[in-house]
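Inspection log for the structure reproduced underneath, given as structure tokens.
Lettering of chains follows the sequences in order, A, B, ..., and the numbering in each one begins at 1.
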Protein chains: 2
Amino acid sequence: MTSIPVGYHGVMPLAPSSHTAASPTASRSAAASTTERLLDAFEEILVDGGERSATLGAVAAAAGVSKGGLLYHFASKDALIEAQLDRLVVRAAEDTENIRTAPAGAVDHLIRTSVNIGSPLDRSFIATTRLAQGRHEKAIETLDTIRKGWLSVIEDSVGDPDTALAIMLVSDGLYGNSSLAGMPSAPAVKAEAESMDRLLTVLARLCTRTE
Amino acid sequence: MTSIPVGYHGVMPLAPSSHTAASPTASRSAAASTTERLLDAFEEILVDGGERSATLGAVAAAAGVSKGGLLYHFASKDALIEAQLDRLVVRAAEDTENIRTAPAGAVDHLIRTSVNIGSPLDRSFIATTRLAQGRHEKAIETLDTIRKGWLSVIEDSVGDPDTALAIMLVSDGLYGNSSLAGMPSAPAVKAEAESMDRLLTVLARLCTRTE
DNA sequence: GTCTATACGAAGATAGAC
DNA sequence: GTCTATCTTCGTATAGAC
């Protein structure tokens with residue numbers, strides 16, 4: 001199987017303009033650059049198979065290049081990881097703003113987006129979770145920083161730090177469970193939606209002290 | 001292969017009541033059987049260094065034996081993992097009973113024990129978390145089963161399934177964060193204790209009757 | 001029960017051809 | 001930019017000595 005050389009093709013229209021990591025010759029646009037495809041492949045393998053299966057060979061193959069090809073773009077495995085972390089930071093920053101300005105409120109938005117639906121941020125985040133569980137120091141720090149940002153937004157929204165912490169922990173729990181479960185089927189997602197509504201109703205009780 | 005299943009032989013040895021409490025036997029280098037020491041070493045390396053660093057060589061060395069010595073007790077790495085999972089199941093079963101019969105209430109007990117303080121259960125649980133993040137199927141299933149047991153107890157305690165879920169998620173979040181942070185220092189644990197009290201106060205709001 | 005020696009393959013990384 | 005060797009180290013597992 002696996003006739004298509006291009007491993008992953010989920011992300012679409014977004015123009016890969018901002019790239020904090022080293023980008024050799026990011027010419028033009030159109031289809032995803034090899035660098036982007038490599039990062040996509042890396043994240044996907046990390047999410048689906050865990051840290052151990054995310055070898056340079058596996059990543060290269062999934063992106064449709066050879067190991068040597070990969071190593072042209074990322075001089076070492078750690079360079080690949082660093083670029084992945086940079087990518088997460090960018091995506092998380094956008095997300096934090098989305099939470100802050102969410103029409104339905106920060107809590108509602110945070111909780112609802114705390115389950116993996118396969119979004120680019122989900123993939124980047126869960127991929128980093130795998131690296132963090134492998135005790136990669138910078139991955140742990142990156143997750144911690146992002147989490148602090150989210151917590152801060154929730155604090156601003158609900159006022160009380162302890163309440164914000166409780167909500168943040170629910171989010172952590174949801175994401176953690178979600179990252180262990182396989183990607184749910186479409187109908188399963190729908191079923192989860194109802195559960196999600198009820199959960200939010202319950203959590204609303206936490207915020208009944210707004211002053 | 002292996003017509004002689006010398007490999008793994010469960011962890012049946014009945015443990016003296018002090019199982020859930022910290023084993024007073026100083027470190028992991030004395031009287032315990034080699035099998036136990038190997039499992040202790042495996043879990044500790046998994047917790048401290050992640051899945052990748054938990055190689056047979058590292059485990060054997062930490063337990064004070066050679067690779068060959070380890071392989072006498074556990075015929076393969078997977079046998080080692082299976083034994084580790086069995087160990088978690090036993091410890092978690094005891095813990096579930098402790099939660100159910102906790103004087104301060106199930107919720108209070110669950111939440112308070114959802115931060116890593118280095119107990120045998122903590123180590124077994126977090127070690128399994130590492131394996132689960134490495135996408136080890138049985139590790140994922142084991143965690144899921146244990147979690148369902150805890151959730152069930154909380155449900156019995158608080159009555160409402162959705163409220164129970166919220167509390168369970170807070171527990172998941174706490175454990176997840178705790179497993180990423182390094183083992184905190186004694187004073188840090190104390191500081192956390194106050195935060196824990198406040199968190200429980202907040203969570204108490206969830207259990208307010210909603211008729 | 002535990003050790004040493006070794007087979008075998010996988011993983012990260014380099015060199016250089018195209 | 002990408003590929004094909006190739007080197008080296010590491011990880012799992014086997015065989016057999018003590």
Determine the contact category for S66(B): base if any of its heavy atoms lies under 4.0 Å from a base atom, sugar-phosphate if only primed atoms, P, OP1 or OP2 are that close, otherwise nothing. base

Between C1' on dT14(D) and CG on L70(B), what's the gap in Å once rounded to a whole number? 14 Å

With under 30° as parallel and over 60° as perpendicular, where do the rings of W150(A) and Y175(A) fit, or are they tilted in between? parallel

In whole angstrom, give the distance that lies between atom OH of Y72(B) and atom P of dA15(D). 17 Å

Pairs satisfying salt bridge (Lys or Arg N to Asp or Glu O under 4.0 Å), at least one member in residues 173-188 of chain A, at least two apart: none

I need the CZ-P distance between F74(B) and dT12(D), as an integer number of Å. 15 Å

Does K148(A) offer a backbone N or O that forms a donor-acceptor pair with the side chain of S152(A) under 3.5 Å? no

Rounded distance (nearest 0.5 Å) linking atom CZ of R37(A) with atom OG1 of T35(A): 9.0 Å

Nearest of dG1(C), dT2(D), dC3(C) to any side-chain atom of H73(A)? dT2(D)

Any non-hydrogen side-chain atom of S157(A) less than 4.5 Å from a side-chain atom of L110(A)? no

Enter the inter-axis angle for the ends of the helix from dG1(C)-dC18(D) to dC18(C)-dG1(D) (five pairs per end, rounded to 10°). 10°

State the CG-CD1 distance between D172(A) and I167(A), to the nearest 0.5 angstrom. 12.0 Å

5'-most contact on DNA chain D (nearest-nucleotide basis), R52(A) vs G69(A), goes to G69(A)

T55(A) has its side chain closest, among dT2(C), dG12(C), dG1(D), to dG12(C)

Side chains of Q133(B) and E51(B): donor-acceptor distance under 3.5 Å anywhere? no

Would you say the side chain of D78(B) lies within less than 4.5 Å of the side chain of H136(B), judging by non-hydrogen atoms? yes

Classify every nucleotide of nucleotides 13-18 of chain C by which part a protein heavy atom approaches to under 4.0 Å, writing B for the base, S for the sugar-phosphate alone and - for neither, in 5'-to-3' order. BB----

